[in-house]
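Everything on this sheet refers to the single structure shown next.
Sequential numbering from 1 along the given sequence is applied to the chain's residues. Just so it is clear, the model here is predicted, and its values are computed rather than measured. Values below: every heavy atom of this structure, side chains too, minus hydrogens, waters and symmetry copies. Both ligands and their constituent atoms are indexed starting at 1 by order of listing.
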Amino acid sequence: MRLEGKVALITGAGTGIGRATAILFAEEGADVAAANLELPEAEETAEAIGETGRKAFAIAADISRPDEIYAMVDRAINEFGGVNILVNNAGLPAVPVPNAFEIKGKYI
Ligand SMILES: NC(=O)c1ccc[n+]([C@@H]2O[C@H](COP(=O)([O-])OP(=O)(O)OC[C@H]3O[C@@H](n4cnc5c(N)ncnc54)[C@H](O)[C@@H]3O)[C@@H](O)[C@H]2O)c1
């Protein structure tokens, strides 16, 4: 159990690499905030994590929208007390995303 006591926030956690990462991290002991563009897919991931005995919640978050990014991080902090691991898995080719320093300034 390499991630016991850790909290992971994973974007694009509804399918593919994001979902696989979410479930693997839970199997290694992490609680997981599963964020995804489509909520039902994230809910399926959170349900699968529940079967590992770890805590998880699903949240709809479009990573091209700063308000949804802030809501996603705020929810993870509120539910789990903080975030130890961020997996920035969802990708957006050629679409401007919020400046990393703006995100850092709000939380760190
Ligand atoms: N699979 C590969 O071979 C490969 C190779 C290189 C890079 N990547 C990158 O790795 C990441 C995951 O790949 P994958 O194959 O698991 O893709 P996937 O399409 O199976 O999963 C991507 C997930 O991200 C979600 N998503 C899409 N746009 C989003 C947005 N704006 N906000 C939040 N969530 C969003 C989708 O709903 C989906 O659940 C992607 O960024 C992809 O570009 C994948």
Set of residues that line ligand 1, where lining means a heavy atom lies under 4.0 Å from it: Gly12, Gly14, Thr15, Gly16, Ile17, Asn36, Leu37, Glu41, Ala61, Asp62, Ile63, Asn89, Ala90, Gly91, Leu92

Cationic N near anionic O, under 4.0 Å, Glu44 to Arg19: yes

Lys/Arg-Asp/Glu bridge criterion (N-O < 4.0 Å) met for Arg54, Glu4: yes

Gap separating the CG atom of Leu24 from the CG atom of Leu3, nearest 0.5 angstrom: 8.0 Å

Summary of side-chain hydrogen bond (donor to acceptor under 3.5 Å, both in side chains) pairs that have at least one residue in residues 78-91, sequence neighbours excluded: Arg75-Glu79

Short side-chain to backbone donor-acceptor contact, Thr45 and Ala13, under 3.5 Å: yes

Point-to-point distance, once rounded to the nearest 0.5 Å, from CZ of Phe57 to CG of Leu9: 7.0 Å

